[in-house]
Each structure stands twice: as structure tokens, then as C-alpha cells.
Amino acid sequence: VLQLVESGGGSAQAGGSLRLSCTMSQYNKIPPYIAWFRQTPGAEREGVARITTRYSTPYYASSVSGRFTISQDSANNTVYLEMNSLKPEDSGMYYCGGRFGNQVIGFGGFGYWGQGTQVTVSS
């Protein structure tokens, strides 16, 4: 079992900041990868950032590189997404997911989605 719970979404103005949290509330084994995705109505879900839980190695989509930072607090089984310099196009429902196994390519193979947390950025 792996249960992920997202929190921290809300409203912000362009140029503002938000911090999202993804907590592993239930698990038998910590997944090697945790990632953040976002989705807007009628669009495909896109990967935003991921982290290797063993080494805290980050990986970012080009659209957020330099603005977002993914990190983890191992003691609290939580992965964070610090979002800075927000743009209206960053708006959407943000989900976190886990991936078991290795040799991940990009953002493929993630699952165990939480309920999501809404982010709205106004101009």
C-alpha cells in the first residue's frame, strides 16, 4: 500500500509563491521516486518535478526549471514543491505520485495518485 496526500494549494498573484506538500501517509516501502504533476481541464497531465528518495536528486520540467524547487523531509515522509515566480500558466490541479522500480525516464510510470491540490495564479 502507498497512500499520498497533497496539501498547500491556494491562490496567488503572478510573481508570488506557494509551497505544496506531499505526505506518504501509508506505505509498506518507500518508493524510489516521488514526482509532482499538474493538470488543467481538457489537457493531459504533465510532469513538473521529481525526486529520488534515496539521494534527493531533483529533476525538473523545462517549463518550471529555475522557478520551482523539489525537496524532501525524510523524518516526516514528506516531499515539498516550492513554487516561486508563479505565472498564470502554472494554474492547475497538482498531484503527487510514486514510482517503484528503477531506470525512470522523464516522468513515465508514476501512480498512487493523491486527491490533488488546486493552484490558481491570477494576473
Side-chain angles (χ1 to χ4, degrees):
V1 61
L2 176 62
Q3 182 176 339
L4 305 176
V5 179
E6 303 95 335
S7 63
S11 299
Q13 292 185 321
S17 300
L18 288 171
R19 188 180 74 163
L20 308 183
S21 298
C22 172
T23 299
M24 298 166 53
S25 62
Q26 298 289 333
Y27 64 93
N28 293 331
K29 182 179 180 180
I30 298 175
Y33 304 93
I34 294 288
W36 284 98
F37 290 73
R38 66 189 180 191
Q39 187 170 25
T40 56
E44 295 183 350
R45 184 177 57 201
E46 64 173 345
V48 176
R50 62 164 162 84
I51 191 169
T52 61
T53 54
R54 182 178 178 87
Y55 301 109
S56 295
T57 303
Y59 176 85
Y60 301 98
S62 60
S63 59
V64 306
S65 180
R67 299 188 298 118
F68 292 9
T69 301
I70 189 168
S71 62
Q72 68 174 343
D73 181 349
S74 298
N76 292 303
N77 298 313
T78 300
V79 173
Y80 300 99
L81 184 67
E82 181 72 30
M83 305 185 294
N84 301 124
S85 301
L86 284 165
K87 304 175 181 179
E89 51 263 44
D90 293 320
S91 298
M93 185 70 74
Y94 281 70
Y95 302 89
C96 62
R99 187 187 193 276
F100 292 93
N102 54 21
Q103 305 298 318
V104 65
I105 303 297
F107 294 99
F110 286 85
Y112 307 96
W113 309 108
Q115 287 294 306
T117 184
Q118 181 68 44
V119 171
T120 303
V121 183
S122 61
S123 60

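All values reported here derive from a predicted model rather than from experimental measurement.
- Using a 4.5 Å heavy-atom cutoff, the side chains of D90 and L18 are not in contact.
- Here the closest heavy-atom approach between residue W36 and residue C22 is recorded as CZ2-CB, 3.4 Å.
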Margin query: Go through it in stages, so that I can follow the logic: the residues are L20 and V119, the test is side-chain contact (heavy atoms from CB on, under 4.5 Å), and I'd like the CA-CA distance, side-chain angles, deciding distance and then a yes or no.
Written below: CA-CA 9 Å; L20 308 183; V119 171; 4.1 Å; yes
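- S91 places a side-chain N or O within 3.5 Å of a backbone atom of V121 that can act as its donor or acceptor partner.
- For R67 (side chain) and S85 (main-chain N/O), a donor-acceptor pair under 3.5 Å exists by modelled atom type.
- Looking at heavy atoms from C-beta onward, N76 lies out of side-chain contact with T23 at the 4.5 angstrom threshold.
- In this structure, Y27 and Q3 have side chains that are not in contact, with every pair of non-hydrogen atoms separated by 4.5 Å or more.
- Considering all non-hydrogen atoms of both residues, I34 and P31 come closest at CD1-CG, 3.6 Å.
- Between L4 and M24, some side-chain heavy-atom pair lies under the 4.5 Å cut-off.
- Linking Ile, Leu, Val, Met, Phe, Trp and Tyr residues whenever their side-chain heavy atoms come within less than 4.5 Å leaves I70 and W113 in two separate clusters.
- If you look at Y59 and F107, their ring centroids are closer than 6.0 Å.
- The two residues A12 and L86 come nearest to each other via the heavy atoms CB-CD1, 3.9 Å.
- Relative ring orientation between F68 and Y94 is described as tilted, the plane-to-plane angle lying within the 30° to 60° band.
- With no hydrogens or angles considered, a side-chain donor-acceptor pair links Q72 and S56 at under 3.5 Å.
- Of all non-hydrogen atoms in S63 and R38, the two that sit nearest each other are OG-NH2, 3.5 Å.
- Within 6.0 Å of atom OH in Y112, 12 or fewer heavy atoms from other residues, nucleotides or ligands are found, so the atom counts as exposed in its surroundings.
- Within the 4.5 Å cutoff, side-chain heavy atoms of Y60 are placed close to those of T69.
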Margin query: Evaluate T57 against I51 for side-chain contact (heavy atoms from CB on, under 4.5 Å), listing each step before the verdict.
Written below: CA-CA 5 Å; T57 303; I51 191 169; 5.9 Å; no
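- Side-chain heavy atoms closer than 4.5 Å link hydrophobic residues (I, L, V, M, F, W, Y) into clusters, and following such links, even through other members, never connects Y80 to I30.
- Checked by atom type and distance alone, the side chain of E6 pairs as donor or acceptor with a backbone atom of G116 at under 3.5 Å.
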Check: Stepwise, does the side-chain contact (heavy atoms from CB on, under 4.5 Å) test hold for R54 with Y33?
Finding: CA-CA 8 Å; R54 182 178 178 87; Y33 304 93; over 6 Å; no
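- Remark: the backbone N or O of G92 is paired with a side-chain donor or acceptor of Q118 at under 3.5 angstrom.
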Next item on the list: Let me see the working for F110 and F37 under side-chain contact (heavy atoms from CB on, under 4.5 Å), right down to the final yes or no.
Entry: CA-CA 10 Å; F110 286 85; F37 290 73; 3.9 Å; yes
Checklist line | Verdict with supporting geometry, N84 and S17, side chain to side chain donor-acceptor pair (under 3.5 Å) | finding: CA-CA 4 Å; N84 301 124; S17 300; 2.8 Å; yes
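- Residue V5 comes nearest to S25 through the heavy atom pair CG2-OG, 3.7 Å, listed as atom of the first residue, atom of the second, then distance.
- Contact annotation: the side chain of V64 never approaches that of M83 to less than 4.5 Å [non-hydrogen atoms, C-beta and beyond].
- What you find for P88 and A14 is that their closest heavy atoms are CD-CB, 4.2 Å.
- Judged by distance alone, the side chain of S21 and the main-chain N or O of G8 form no donor-acceptor pair under 3.5 Å.
- Within a 6.0 Å sphere centred on CZ of F100, heavy atoms belonging to other residues, nucleotides or ligands number more than 12.
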